[in-house]
Trainee: 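Sharing a structure here in structure tokens format.
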Amino acid sequence: EDGCSGEPLFITFASVAECAAAVAALHGRDIAVAGGQRQLLWARQLSGEGQHHKKWRLIIRNLSFKVTADELRKDLSRGGFVWEVTIAKNERGPRGFAFASFTCRADAERAIVKCNQK
């Protein structure tokens with residue numbers, strides 16, 4: 001349901017902090033797989049606060065129509081791990097707002113504070 005495909009691999013961590021660090025380090029990485037193919041890696045915490053990545057979703061308004069998802073992710077990541085950035089678009093292009101998802105409330109709140117200080 002979250003857009004990932006392929007065979008799942010489950011890893012158990014000794015602590016929530018270790019799991020969160022692994023998700024932040026691995027999610028969205030482009031990796032080599034069998035046959036010389038490339039695949040985007042999805043890493044996700046399946047229990048606790050990290051399972052609700054849509055719950056910690058922000059709407060970012062008044063964006064430049066030229067901003068990219070990568071630029072926005074870089075700015076927001078000053079607050080913590082950004083799960084996903086989606087810039088709203090229609091047939092004419094960007095609409096001036098975006099959504100950003102975080103895996104925990106603290107990261108979302110820090111991103112708000114840091115971006116509002118800019």
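As the structure is a prediction and not an experimental result, all values here were calculated from the model.
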Trainee: Under the rule for ring-ring contact (aromatic ring centres under 6.0 Å, His included), what residues qualify as partners of F99, not counting sequence neighbours?
Mentor: F97

Trainee: Could you list the residues that satisfy side chain to side chain donor-acceptor pair (under 3.5 Å) with R95, not counting sequence neighbours?
Mentor: none

Trainee: Calculate, to the nearest 0.5 Å, the distance between atoms CG and SG belonging to L72 and C115 respectively.
Mentor: 7.5 Å

Trainee: Quick one: salt bridge (charged side-chain N to carboxylate O under 4.0 Å, His left out) partners of E109, sequence neighbours excluded?
Mentor: R105

Trainee: For R57 and S101, which heavy atoms make the closest approach, and how far apart are they?
Mentor: CG-OG, 3.7 Å

Trainee: Considering non-hydrogen atoms only, spot the tightest contact between A100 and L76 and give its length.
Mentor: CB-CD1, 3.4 Å

Trainee: With sequence neighbours left out, what residues match I112 under side-chain contact (heavy atoms from CB on, under 4.5 Å)?
Mentor: L58, N116

Trainee: Hey, is the main chain of E71 close enough, under 3.5 Å, to the side chain of T68 for a donor-acceptor pair?
Mentor: yes

Trainee: When you measure from the side chain of D75 to the backbone N and O of R78, does any donor-acceptor pair fall under 3.5 Å?
Mentor: no

Trainee: Mind checking the CZ-OG spacing from R110 to S77? Nearest 0.5 Å is all I need.
Mentor: 11.5 Å

Trainee: Locate the shortest heavy-atom distance separating P94 from K89; write the atom from each residue and the value.
Mentor: CA-CG, 3.9 Å

Trainee: Taking D107 for its side chain and F81 for its backbone only, find out whether a donor-acceptor pair lies under 3.5 Å.
Mentor: yes

Trainee: Looking at residues at least two apart in the chain, or sitting in another chain, which of them share a side chain to side chain donor-acceptor pair (under 3.5 Å) with R38?
Mentor: D30

Trainee: Going by side-chain heavy atoms closer than 4.5 Å, which hydrophobic residues are tied to F65, directly or by a chain of links?
Mentor: none

